[in-house]
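Inspection log for the structure reproduced underneath, given as structure tokens.
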Amino acid sequence: MPSLAEAFKGHPVYLHNSHLDFDLAREVPDSHTWPLLNDYPSGDSLNDESVPVIDLADPHVVNRIGHACETWGVFQVTNHGIPMDLLSDVESQGRRLFMLPTQQKLKAARAPEGIDGYGFARISSFFSKRMWSEGFTIFGSPIEHAQKLWPHDNKQFCDVMEEYEKEMKKLVRWLMWLLLAYLGITKEDVKWAGPKGEFESTSAVLQLNSYPACPDPKRAMGLAEHTDSPLLTILYQSSISGLQVLREGGVPRWVTVPPLPGALVVNIGDLLHILSNGRFRSTLHRAVVNRTHHRLSIAYLWGPPTNIKLSPFSKLVTDYHPPLYRPVTWTEYLGIKAKYFNKALSSVRLHAPLKQPFETDDQNSVHVG
Ligand code: OGA
Ligand code: NI
């Protein structure tokens with residue numbers, strides 16, 4: 001594999017410390033060109049299946065959500081209680097951030113071993129090609145990085161992001177109890193949720209993703225296929241589509257999750273897949289780019305307390321349903337994910353898995369380590 005410097009050779013004008021200045025790119029450089037040869041077809045034109053859309057005010061909400069988690073591992077929610085104004089504020093503050101000149105954004109660059117700040121997609125290290133996206137990760141308060149981006153004018157950004165984090169935390173707990181109710185899991189079964197089931201000591205990051213318009217979208221990848229590691233992700237996508245989930249059963253195919261005004265996308269993460277003993281699926285998904293529109297998405301990734309051993313709920317384990325996964329803590333699992341990436345879930349599996357797409361050996365574009 002060429003070194004990064006070699007890969008970027010010949011494109012000096014719009015590269016800063018190997019970051020691509022997307023606004024100046026008139027073509028997709030070799031460093032960002034993806035071989036999509038062995039890819040699955042996009043299913044939208046094959047038939048009209050679509051990711052379930054669930055109204056949280058529906059009296060049958062528990063069954064609807066549970067069924068969606070078992071069949072798709074992803075669904076959209078409406079009537080979720082997050083004010084539209086807040087969604088549009090978070091979107092415009094995100095745009096404001098990504099519109100800054102690259103040099104300015106790099107002042108808030110993520111440290112090599114750090115969690116928060118500006119940089120490439122966090123999964124970039126697993127791939128030899130760069131993705132057509134940039135990201136900004138917030139862990140707790142964004143103030144430190146926001147001060148570097150806007151020394152005199154960062155209050156509004158911080159206020160909006162903190163308000164959004166607060167609202168997401170409420171929504172994610174609500175969703176979690178709906179999901180658990182479907183599985184027959186109560187507060188007594190989840191000690192780490194605390195006596196009132198508040199999930200007080202859980203942890204979360206807010207991930208702002210920016211996908212600039214791309215001169216040759218078929219050859220570029222916004223965010224490569226992955227599953228989310230933690231328990232649940234809530235994603236807000238702007239009005240531009242790009243998110244696709246891998247639908248299995250029959251010929252595996254990519255299904256686009258269309259942006260619906262005001263709706264939020266919910267994804268099952270690997271840890272909830274483990275807790276549910278494989279009943280809820282953490283589904284492979286990715287983001288593709290387009291020629292004309294900049295796309296923004298905001299992902300709230302919610303995980304458990306870091307040092308609790310997580311294993312399939314004992315209520316879900318019987319003679320006929322032995323535990324499928326060994327116990328892991330969130331911290332351990334992150335280490336496993338950093339090593340095995342899309343094979344992490346199968347690496348903690350105790351019994352022979354049903355065939356999953358990320359368990360094939362066809363990982364040509366992936367280099368681990
Ligand atoms: C993510 C993710 C999809 C998107 O941030 O984990 O899957 O559409 N994002 O941005
Ligand atoms: Ni994701």
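Order of listing sets the numbers, starting from 1, for every ligand and every atom in it.
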Worksheet item: Can you list the ligand 1 atoms lying under 4.0 Å from a non-hydrogen atom of Ala299?
Response: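 Those qualifying, in numeric order: 5 (O).
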
Fill in: Per-atom contacts, ligand 1 versus Leu243 - under 4.0 Å to a heavy atom
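Within the 4.0 Å cut-off of Leu243, ligand 1 contributes 3 (C), 8 (O).
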
Worksheet entry | Derivation of the side chain to side chain donor-acceptor pair (under 3.5 Å) call for Tyr211 and His293 | CA-CA 9 Å; Tyr211 304 96; His293 290 94; over 6 Å; no

Report the part of [X] (side chain from C-beta onward, or backbone N, CA, C, O) that has a heavy atom under 4.0 Å from ligand 1; answer both or neither where that applies.
X	result
Asp228	side chain
Leu223	side chain
Arg295	side chain

Worksheet item: Is there a heavy atom in Gln237 that sits closer than 4.0 Å to ligand 1?
Response: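 No, that is not the case, since the closest heavy atom of the residue is not under 4.0 Å from the ligand.
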
Discussion item. Using heavy atoms and a 4.0 Å limit, tell me yes or no: is Arg286 in contact with ligand 1?
Written reply: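 So Arg286 does not count as touching ligand 1.
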
Practice prompt. Can you tell me, to 10 degrees, how wide the angle at the Ni ion (ligand 2) is between NE2 on His226 and NE2 on His285?
Written response: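 Angle NE2(His226)-the Ni ion (ligand 2)-NE2(His285): 90°, rounded to 10°.
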
Discussion item. Test your reading of the structure: does Asn209 have an N or O sitting under 3.5 Å from an N or O of ligand 1?
Written reply: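 Yes.
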
May I ask you to establish whether [X] and [Y] are in a cation-pi arrangement, using a distance under 6.0 Å from NZ or CZ to the six-membered ring centre and at most 45° from the ring axis?
X	Y	answer
Arg281	Trp72	no
Lys187	Trp177	yes
Arg130	Phe120	yes
Arg173	Trp302	no

Worksheet item: Any donor-acceptor pair under 3.5 Å linking the side chain of Arg253 with the backbone of Val251?
Response: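 Here the side-chain-to-backbone pair exists.
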
Practice prompt. Please find the N/O/S atom of Asp228 nearest to the Ni ion (ligand 2) and write down its name.
Written response: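 Per the distance ranking, Asp228 contributes OD1 as its closest N/O/S atom to the Ni ion (ligand 2).
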
Worksheet item: What do you reckon, are the aromatic ring centroids of Phe126 and His226 less than 6.0 Å apart?
Response: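 Distance test on ring centres: not under 6.0 Å, no.
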
